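Input: a single structure, listed below in structure tokens.
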Amino acid sequence: MNQETEVTPTAFQQKVYAACSRIPEGKVSTYGSLAKSVGCGSAQAVGQALRVNPFAPQVPCHRVVKSDRSLGGFFGQSSGPEVKRKIRLLEKEGVKLDPSSRVLPAHMWNFT
DNA sequence: ACCGTGACGGCGA
DNA sequence: TTCGCCGCCACGG
């Protein structure tokens, strides 16, 4: 019998996942804004949480990008094939990147 | 209990 | 404008 190797996310992680789930489709948020939502002053800490997100992509962590308007990372990879998958998901939800600079348009920065 | 690492952010040169 | 450094927070070893 397989033992349930179920990891229990910390309270902090669950808050991040919850906040991330609140991001509407077609919109994106930033790690920093999300951090504020969970009462944290560090965007990096949020990244750590999403990095181990066991609920992905159910939890739309792919809608979280850098304040820099760049994509950030996906599944632990700052760049690579997984990040391309992230772009793919966003485009499917109506979020298109600028083909030149590969950054997100500022039109969707309405969600905190 | 301590240190290093990390899907970041802001400021300075 | 671009590149680099430091600072914050949370987590694993």
Side-chain angles (χ1 to χ4, degrees):
Chain A
M1 288 296 290
N2 289 338
Q3 295 178 322
E4 296 288 350
T5 55
E6 182 174 316
V7 291
T8 304
T10 70
F12 181 75
Q13 310 265 111
Q14 293 181 42
K15 284 195 221 169
V16 176
Y17 303 144
C20 186
S21 306
R22 295 171 211 169
I23 305 176
E25 189 176 302
K27 279 220 169 147
V28 295
S29 183
T30 65
Y31 297 97
S33 299
L34 206 54
K36 299 270 184 122
S37 300
V38 300
C40 179
S42 177
Q44 246 181 355
V46 174
Q48 290 268 40
L50 296 178
R51 178 182 186 280
V52 295
N53 174 17
F55 299 99
Q58 185 187 337
V59 173
C61 54
H62 57 269
R63 292 180 194 154
V64 185
V65 299
K66 294 180 64 168
S67 63
D68 171 64
R69 284 187 260 177
S70 55
L71 280 174
F74 198 51
F75 277 92
Q77 300 179 19
S78 328
S79 65
E82 296 297 338
V83 179
K84 290 186 182 177
R85 190 92 30 123
K86 180 173 181 177
I87 300 173
R88 197 68 167 185
L89 287 167
L90 288 169
E91 293 197 320
K92 280 197 276 197
E93 298 185 354
V95 181
K96 294 172 189 163
L97 291 75
D98 187 295
S100 303
S101 46
R102 295 160 305 192
V103 297
L104 291 162
H107 309 181
M108 341 185 154
W109 250 250
N110 217 317
F111 183 76
T112 48

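Being a predicted model, the structure only gives us computed values, none of them experimental. Numbers restart at 1 for each chain; the letters A, B, ... are given by sequence-line order, proteins then strands. When reading the values below, keep in mind they use all heavy atoms of this one structure, side chains included, and skip hydrogens, waters and symmetry mates.
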Check: Quick one: side-chain contact (heavy atoms from CB on, under 4.5 Å) partners of A:Ser21, sequence neighbours excluded?
Finding: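 Partners of A:Ser21 under the side-chain contact (heavy atoms from CB on, under 4.5 Å) test: A:Val59, A:Pro60.
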
Hey, what do you get for [atom1] ([X]) to [atom2] ([Y]), rounding to the nearest 0.5 Å?
| X | Y | atom1 | atom2 | answer |
| --- | --- | --- | --- | --- |
| A:Asn53 | A:Gln48 | CG | CD | 13.0 Å |
| A:Leu34 | A:Arg22 | CG | CZ | 8.5 Å |
| A:Lys86 | A:Ser79 | NZ | OG | 12.0 Å |
| A:Leu89 | A:Arg63 | CG | CZ | 9.0 Å |

Contact summary for [X] and [Y], nearest pair of heavy atoms:
| X | Y | value |
| --- | --- | --- |
| A:Gly32 | A:Ala43 | N-CB, 3.6 Å |
| A:Thr30 | A:Ser67 | CG2-CA, 3.8 Å |
| A:Glu82 | A:Phe74 | O-CD2, 3.0 Å |
| A:Lys96 | A:Pro105 | O-CD, 3.0 Å |
| A:Ser42 | A:Ala35 | O-CB, 3.6 Å |
| A:Ala49 | A:Tyr17 | O-OH, 3.0 Å |

Next item on the list: Could you list where the contact with chain A starts and ends along DNA chain B, reading 5' to 3', using a 4.0 Å heavy-atom cut-off?
Entry: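 So the outermost contacting nucleotides come out as B:dT5 to B:dG10.
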
Check: If you look at every strand shown and take non-hydrogen atoms under 4.0 Å, does A:Gly72 touch a base, only sugar-phosphate, or nothing?
Finding: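 Since no nucleic acid heavy atom lies under 4.0 Å of A:Gly72, the category is nothing.
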
Check: What does A:Ala45 touch in the nucleic acid at a heavy-atom separation under 4.0 angstrom: a base, only the sugar-phosphate, or nothing?
Finding: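 It contacts base atoms.
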
Note to self: For A:Val28, run the side-chain contact (heavy atoms from CB on, under 4.5 Å) check against A:Leu71, A:Val65, A:Ile23 and tell me which one passes.
What the structure shows: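 Answer after filtering A:Leu71, A:Val65, A:Ile23: A:Val65.
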
Next item on the list: May I have the distance from A:Leu50 (atom CG) to C:dC9 (atom P), rounded to whole angstrom?
Entry: 18 Å

Next item on the list: Nearest whole angstrom, please: distance from the C1' of C:dC9 to the CG of A:Leu34.
Entry: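 One finds 14 Å between C1' of C:dC9 and CG of A:Leu34, rounded.
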
Notebook entry, point to check: Do you reckon A:Val64 sits in the same ILVMFWY cluster as A:Val52, going by side-chain contacts under 4.5 Å, direct or chained?
Noted result: yes

Item checked: Residues from residues 9-25 of chain A lying under 4.0 Å of DNA chain C - heavy atoms ->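 Nucleic-acid contacts, sorted: A:Thr10, A:Phe12.
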
Margin query: Counting C-beta onward and ignoring hydrogens, is there a side-chain heavy-atom pair between A:Lys27 and A:Val95 closer than 4.5 Å?
Written below: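 No. Closest side-chain heavy atoms not under 4.5 Å.
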
Next item on the list: Find out whether A:Gln44 and A:Tyr31 are in side-chain contact, i.e. whether some heavy atom of one side chain is under 4.5 Å from a heavy atom of the other.
Entry: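 Side chain of A:Gln44 against side chain of A:Tyr31, heavy atoms only: no contact under 4.5 Å found.
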
Checklist line | Proximity to DNA chain B (any heavy atom under 4.0 Å), residues of residues 55-63 of chain A only | finding: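 Nucleic-acid contacts, sorted: A:Cys61.
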
Margin query: What stems show up for DNA chain C when you take Watson-Crick pairs (N1-N3 plus N6-O4 or O6-N4) and G-U wobbles (N1-O2, O6-N3), both under 3.5 Å, and require three or more consecutive pairs?
Written below: B:2-6 with C:9-13, B:8-13 with C:2-7

Checklist line | Nucleic acid footprint by protein, nucleotides 2-7 of chain C - heavy-atom cut-off 4.0 Å, B for base, S for sugar-phosphate alone | finding: ------

